[in-house]
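These values consider heavy atoms only, across backbone and side chains, with no hydrogens, waters or symmetry-generated copies. First the proteins, then the strands, lettered A, B, ... as listed; each starts at 1.
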Amino acid sequence: LYFPQNEYIETVYVGQTAGTPILQVHAMMDHDYERPHFYLCYLSSIRRPPYYSSWFHLDINTGVLYLNKTLEESDFTSLNQRLRSVKKLVLHAMVLPNVPKKLNCVSKNSPRITLDFVNATLPQCAQTDMKELCFPHRDTANPHIMENRFPGAIRQLRRLTRLNVCPNYTISYNVESDSPAPFAVNENSTELVVTAPLDREESECYRLLLVCTVRTEMVITKVETSLDVFVMDEDDNAPYVNGTDITDVVISFNRTKGGSYGTLFVFDRDLTPIYPIDKSHSKYVGTLLNGDSWINKTFEIKGTFSEKKSAQGGIRETVHDYQLVLKRNLYVNENRSVQLDYLVNDTTYPGLEGTVLLHFNITVLPVHIRFANVTHTYTLTRRASVYAQVGKVCVENCQQFDGFSVTYRLEVPERNISADLQSCYDAISITQGPGEMWGLLYVNDSETLRRPECQDLQYMVVAQEEHTEQEASTQIHIILDGEARKGSRESPQLLSCAENRRRGDCESRRGIGATTGRCQWRQGTEKGISEHYSTCSPDLRTCPDGYCDAVESKDSSICPQDCTKETVIGGHERGVGNGIKAGHGTCYCYSERCFCEKEDIEEALCD
Amino acid sequence: ARRPRPCSVRELELTVSELGLGYDSDETVLLRYCSGQCTAHRHNYDITMEHMMKAGFKGRRDKVSKGPCCRPTAFEKNFSFLDNKSRYHTIHNVSAKNCGCV
Amino acid sequence: ARRPRPCSVRELELTVSELGLGYDSDETVLLRYCSGQCTAHRHNYDITMEHMMKAGFKGRRDKVSKGPCCRPTAFEKNFSFLDNKSRYHTIHNVSAKNCGCV
Amino acid sequence: SGPRAQSEWVDCIQASDMCNQNPHCSSRYRVMRQCLVGKEKEVMLDNNRECQAALEVLLVSPLYDCRCKRGMKKELQCLQNYWTIHMGLNEGGDMDDSSPYEPVPPNRHPDAFRLASISSGCPDAEKNCNPCLDAAKACNLNNSCKKQRSSYIAICSKGETCSKRRCHRALRMFLDRVHPEFSHRLLFCPCQTEGCAERRRQTIVPDCSYIEGEKPNCLELRKICRQDSLCRSRLADYLANCWMPPHTASTCPNQDNHQACLSSFTRLIGTEMTPNYVDNRFSDWVISPWCTCEGSGNQEEECMNFLHYFTNNTCLSELFHTHTHACISNVQSITVCQQCARTFRHSLFRSTNTMFLMFIKPLKNRITPPESGRDRLRFLHFVTL
């Protein structure tokens with residue numbers, strides 16, 4: 001048994017006599033053998049009922065609430081509700097299929113009856129307009145009827161407190177709706193009745209038009225009001241697959257823990273509420289059917305669901321999507337094919353077909369660590385400064401790798417060479433940022449670059465995969481161009497190119513990280529704060545590019561535009577984490593802080 | 001002639017765009033800046049520096065300040081505003097809270 | 001071009017008479033003074049002041065300092081000497097102990 | 001007896017002190033606090049004899065009738081004391097709470113005039129006037145407002161690393177310390193351009209204070225709010241001062257007291273139930289907490305009813321109507337299930353208040369136009385020949 005309505009509102013007046021009907025509560029059957037027994041009960045924690053509850057009586061069979069005593073003015077004043085010209089009497093009703101020993105209100109299914117007690121007498125017929133006669137003053141809650149249940153009365157249309165106000169009026173009701181709806185009015189009891197079981201998946205809500213006809217000798221008046229009747233969902237639909245229940249998944253370069261690789265969808269015409277969070281999520285349960293330990297150790301299925309509207313009729317339904325997710329990183333040499341079966345079970349569906357079986361055909365391909373068979377040749381001027389970037393080395397497909405790491409190292413191919421020549425190879429080093437799959441070649445010792453004996457440098461770059469130690473190597477050839485100078489010494493502390501604020505200074509000065517030996521000027525063109533601000537850089541290919549790479553992070557003066565965490569004065573926008581994403585005019589940096597300001601700056605002097 | 005005003009906080013209402021920092025915002029800000037004379041705060045050092053500047057600094061070309069400067073001694077913490085593209089920015093140390101001869 | 005030297009303490013040996021304070025004494029003093037660049041210590045305030053000066057201060061003629069000044073942040077306490085007429089004198093705050101951009 | 005005069009209310013800190021000075025009351029007060037600790041409070045209240053006995057004593061103590069003053073010192077402690085008693089009395093279920101704050105005094109002087117200063121619209125002549133920009137300018141020229149505004153913006157606009165909790169606290173401090181003349185003007189400036197409406201939407205720095213990942217269900221958000229004394233109190237106060245059931249004559253409670261509604265709406269900002277403009281529409285704007293009624297299952301109507309406290313609030317929308325000729329987003333009740341609208345072949349236009357109904361051919365024209373509000377009552381009179 002359940003109440004289709006969780007709130008009833010009516011007004012009571014001084015002078016209304018004992019036995020006066022006030023309103024009628026209704027209960028709907030869950031099973032046809034149930035017979036409702038109605039009781040008043042008391043929700044508030046003090047088990048003692050409010051003292052005014054004795055003024056009312058709820059008929060155990062009909063659910064009609066009557067006055068148990070005539071309401072006096074003293075009753076009104078006895079209610080210690082300050083500030084109220086209309087005082088509120090709150091009762092709760094309960095329905096049981098039998099007669100209980102002890103009445104314990106369960107708040108979830110005890111509709112609240114709110115009676116506005118007015119310190120005045122019931123308006124006479126002349127002062128009662130048709131609306132008041134036909135329908136309750138304030139809109140009460142809309143009925144909610146569980147689908148697949150039995151027909152029955154859902155609401156008393158007649159305003160019971162006004163039954164005898166206009167004795168020579170005859171009041172009748174009927175119900176209309178635009179599209180066919182299984183509702184009617186019981187002319188004898190003036191109750192609105194649902195005449196057939198409802199199906200939420202067909203219609204979630206019926207908007208009815210209640211027509212109250214008031215006949216007097218001379219005039220017929222019709223008063224209409226609309227009423228929404230909602231249909232409550234229960235799990236009466238099995239899950240189904242729309243299209244395919246099988247998907248092929250290939251795992252190759254990206255084999256990282258947490259990666260998702262394939263999705264299958266299961267549909268359910270029923271609802272899956274997200275509130276309350278703790279209860280609603282347990283409805284669908286999924287189980288991996290394979291006993292294979294490798295599969296259990298490696299994969300999991302992540303299920304999420306969302307509500308959508310059906311194409312036909314816009315009825316709410318649920319889509320569950322199931323994604324194959326890696327539980328761990330896979331080694332590069334993992335190479336196998338498996339089929340994963342996942343049983344989805346709609347745990348609250350009573351029928352037998354409450355499950356759907358999903359199939360993930362998984363192919364894990366090995367990853368080969370190899371260089372493209374191309375000789376990598378780089379040209380580098382002997383004037384390059386320390387930390388100048390020479391180039392990037394990367395095994396094949398490295399940009400798509402995830403879930404494992406590859407490290408790079410330089411090796412000198414020729415063994416039997418003089419110590420002098422051996423030291424030439426100190427000129428270049430390789431480095432790698434955290435999580436980066438490529439290596440960056442950079443000048444490690446600029447003095448060596450300028451030694452005449454150091455001509456062309458041939459290195460072996462060896463790439464090694466972390467777990468399997470699979471290796472690959474390739475030869476790189478660095479051609480040193482420009483004039484060698486014996487014993488030339490670089491000034492011990494190279495300046496940061498970023499300190500220069502004007503093109504002239506910038507392009508005339510050496511700077512740390514400068515690939516050509518000289519700093520490079522970038523001229524901004526836009527007004528205001530722009531990502532294309534003017535600045536002086538060691539290498540415009542990599543600085544500024546919004547990314548503090550592995551070489552730049554070796555020394556904060558190489559490319560403060562990308563790496564600084566210091567204060568920036570002037571109009572600017574910070575990069576994510578660090579650096580200057582956008583600046584006003586020219587951006588330049590000293591060790592303590594950076595500045596972005598309009599270009600035409602003379603030396604700032606004291607006055 | 002009127003006695004030159006001593007170093008003190010002055011106020012000027014302008015839009016954020018008019019600050020010249022490159023931000024494009026029509027919001028207004030009450031900019032407080034320092035201006036005024038500091039002659040009354042000079043030390044022997046300043047008199048010596050002025051003399052050295054006139055007498056030529058024994059061949060050196062160092063530039064020195066001829067006297068105390070009227071400068072902010074404290075800034076208003078920060079000033080936040082919404083620019084004309086509905087993005088928030090916060091500028092630090094743009095408006096003087098107190099001024100002094102330093 | 002050499003990078004402009006930042007604001008720091010500089011030293012110069014000269015006689016007391018050369019201080020330009022009017023004392024006549026051949027005793028020598030190691031005068032410490034402040035000189036050098038303060039551009040690296042500017043605030044948003046200074047960039048704004050500079051912009052205002054160029055853009056014309058909304059009709060005002062207030063003079064403002066365009067940036068931090070390289071100034072003594074502490075003085076050597078005092079310096080005593082015997083002048084050429086064998087009389088002792090003590091001068092205060094004539095030599096900088098520390099310098100800073102303020 | 002009319003509403004109690006302002007000074008008559010005992011605040012719940014004084015009431016708690018008075019109870020603590022009475023051994024009979026203080027012991028029960030301690031018991032009650034134990035009863036409400038932890039998740040089992042419903043069971044404890046219903047079945048534990050000691051809890052029930054304690055509640056009976058406290059019902060006749062000063063704690064039953066105490067209230068809190070908005071913005072009072074130790075406001076949170078006062079509210080916690082209030083809920084110690086009233087949490088136990090709440091009828092359970094999803095009934096709306098009564099406000100723990102002192103009732104708003106009757107609206108002696110219609111505040112339409114004062115509202116004019118808050119929401120002064122644009123003189124039609126001035127094309128690109130932007131009342132929200134003017135509000136920001138006014139704030140920036142007031143030392144305290146500028147300082148407080150910069151403070152919360154600096155905290156709330158830290159991008160990915162912003163802390164919603166710290167941002168909410170900073171917003172509450174701004175709204176507590178700055179005079180409503182400035183804060184209300186920033187929040188409720190009437191707009192006639194999208195630029196202005198976007199600035200208005202940005203006032204509370206929504207990326208940090210409002211938007212957060214996937215929207216929770218509104219009933220879930222209400223549950224979370226009710227677990228926090230401050231949020232619960234301010235939500236109850238908002239409903240008390242801003243919500244009028246759809247078909248009642250006046251648009252605002254307390255005799256059309258818009259100002260009281262604005263204040264209680266503003267005090268919701270910085271709690272879990274922080275409301276904001278959902279987009280930069282300037283006329284047909286919608287205000288809502290960050291939540292959805294999707295996934296409400298069988299409680300969609302209850303969820304929509306709760307959401308309507310914000311999205312269909314005649315008191316809030318009325319506020320701007322007089323100043324901005326904005327079309328009221330007086331949406332009656334957004335039909336809870338779209339399907340209802342279709343089955344009955346009538347449609348609610350969001351921005352106008354007109355409804356076309358299939359109607360029985362009248363012999364005489366209507367007596368009274370359909371009223372606003374959910375049960376559109378229609379009177380058709382026939383004279384029997």
Side-chain angles (χ1 to χ4, degrees), chain A residues 6 43-48 82-83 90 92 104 107-108 110 112 130-131 135 138-139 141-142 144 177-179 181 203-209 211 215 217-228 230 232-233 271-277 280 305-307 309 313-316 574 576, chain D residues 1-4 42 45-46 51-52 55-56 59 65 88-93 95 103 159-160 216-220 223 245-248 294-301 303 335-346 357-360 373-384:
Chain A
N6 57 21
L43 239 196
S44 76
S45 317
I46 328 146
R47 279 293 136 250
R48 218 172 13 76
R82 241 187 311 286
L83 310 178
V90 178
H92 283 269
N104 193 355
S107 67
K108 251 304 159 226
S110 307
R112 186 178 58 223
M130 295 300 176
K131 187 173 57 142
F135 300 109
R138 274 200 294 126
D139 192 331
N142 292 313
H144 287 66
S177 84
D178 188 57
S179 56
S203 172
E204 294 199 87
C205 165
Y206 294 90
R207 170 150 290 189
L208 308 180
L209 187 70
V211 183
R215 284 183 175 77
E217 289 106 22
M218 290 298 295
V219 177
I220 298 173
T221 308
K222 284 184 183 289
V223 184
E224 298 165 351
T225 185
S226 66
L227 177 69
D228 289 342
F230 293 90
M232 292 210 286
D233 182 46
L271 298 175
T272 311
I274 58 173
Y275 172 79
I277 276 186
S280 63
F305 64 89
S306 57
E307 189 172 273
K309 297 272 169 81
I315 306 286
R316 292 175 297 156
R574 287 222 82 116
V576 176
Chain D
S1 65
R4 264 169 78 154
E42 292 296 334
L45 289 171
D46 278 353
C51 293
Q52 288 166 3
L55 196 57
E56 289 194 31
L59 273 183
D65 236 348
L89 278 183
N90 180 347
E91 297 267 334
M95 183 175 156
E160 292 82 23
N217 183 276
C218 292
L219 299 179
E220 185 65 29
K223 188 176 132 196
H247 42 67
T248 33
E294 216 176 85
S296 299
N298 287 334
Q299 293 178 265
E300 182 171 58
E301 190 200 20
C303 184
T335 306
V336 169
C337 63
Q338 296 310 330
Q339 204 223 13
C340 255
R342 265 194 294 284
T343 49
F344 198 67
R345 273 211 334 275
H346 80 232
L357 279 176
M358 277 288 296
F359 56 87
I360 300 158
R374 215 153 52 160
D375 64 339
R376 274 144 300 290
L377 299 176
R378 295 287 315 284
F379 301 88
L380 307 167
H381 280 260
F382 301 85
V383 179
T384 50

Close side-chain approach of N142(A) to E301(D), heavy-atom, < 4.5 Å: yes

Side-chain heavy-atom pair F230(A), E300(D) within 4.5 angstrom cut-off: no

Considering all heavy atoms, the nearest P273(A)-S296(D) contact: CB-C, 3.9 Å

Exam field: side chain E220(D) to backbone Y275(A), donor-acceptor pair closer than 3.5 Å: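 Looks like no, no N/O pair under 3.5 Å.
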
Sidechain-backbone polar pair: D233(A) side chain, N298(D) backbone, donor-acceptor under 3.5 Å: no

